[in-house]
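The following block contains the structure, expressed as structure tokens.
Lettering follows sequence order; numbering is per chain, from 1. Computed over heavy atoms, backbone and side chain alike; hydrogens, waters and symmetry mates excluded.
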There are 2 protein chains.
Amino acid sequence: MKQTVQNLEQAYKHILETFLHRKTEQGLYQAQQFSKVLLEHQISPEEFVSIHRAVLEELFPTVPDKVIDSFDLLLEVMMGYGLAYREHQSLRNRQR
Amino acid sequence: MKQTVQNLEQAYKHILETFLHRKTEQGLYQAQQFSKVLLEHQISPEEFVSIHRAVLEELFPTVPDKVIDSFDLLLEVMMGYGLAYREHQSLRNRQR
């Protein structure tokens, strides 16, 4: 699982770098596809926010600490959605 | 709805400011409670990411554009979770 997260982080870093560099619709399309991969790997929204933060820190090492710290709060709020999402998965499995 | 989003943005701004200033567990607890309010108002995860970005821009006007732009991608990925979340709500409503 740790390996998967690292691979996803590298993949997302590549998508984000390309997007910030070229700003094309293509980048948004890649993000949509990436979102499907995350859902397939059952990565929770808060885990993804954590990946986004890690990639941001790598790409922009001079970003103020407070901006990076703000992700702690984003993450915490996302946990609420994560719970709803896991409930969704178990509901769907039960309906199969 | 627009009014609600503005109110939520103000509430979140207050929570984030306090959290970044004092860095206490209390801030994380407030974020958990805020998450419940968002779910009650049926705010999608991508709408919340958008609120977070707006608040960051207000609090840190000097943050590099690329960092702010990166939220476009975060938002796009969150839409995948948003879809799953809305599907969850409709499944749950059907089971009632």
- What is the ring orientation for A:Tyr81 with B:Phe48, classed by angle as parallel under 30°, tilted 30 to 60°, or perpendicular over 60°? parallel
- Query: To the nearest 0.5 Å, what is the distance between CD (B:Glu76) and CG (A:Leu28)?
  - Reply: 4.5 Å
- Cluster link B:Leu74 to B:Leu83, ILVMFWY, side chain under 4.5 Å: no
- Query: Rounded to the nearest 0.5 Å, how far does CG of A:Leu38 lie from CE of B:Met78?
  - Reply: 8.5 Å
- Message: I need the B:Leu73 CG to A:Tyr12 OH distance, nearest 0.5 Å.
- Response: 4.5 Å
- Quick one: closest heavy-atom pair of B:Gly80 and A:Ser35, and the distance? CA-OG, 3.2 Å
- Item | Heavy-atom pair of closest approach, residues B:Asp69 and A:Phe19 | O-CE2, 3.6 Å
- Query: Taking atom CD of A:Glu17 and atom NZ of B:Lys66, what is their separation to the nearest 0.5 Å?
  - Reply: 9.5 Å
- Query: If you take all heavy atoms of A:Leu16 and B:Ser70, which pair is closest and at what distance?
  - Reply: CD1-CB, 3.8 Å
- Whether B:Phe71 and A:Phe71 hold their rings parallel, tilted or perpendicular, with breakpoints at 30° and 60°: parallel
- Using non-hydrogen atoms and a 4.5 Å limit, figure out which bit of B:Ile15 sits close to chain A: side chain, backbone, both or neither. both
- Message: Counting heavy-atom pairs under 4.5 Å with chain A, which one of B:Pro64, B:Pro45, B:Ala31 comes out on top?
- Response: B:Pro45
- Task: Sort A:Asp65 into side chain, backbone, both or neither according to what part of it lies under 4.5 angstrom from a heavy atom of chain B.
- Result: neither
- Item | chain B contact via A:Thr62 - side chain, backbone, both or neither, heavy atoms under 4.5 Å | neither
- Do B:Val67 and A:Leu56 touch side chain to side chain, with heavy atoms closer than 4.5 Å? yes
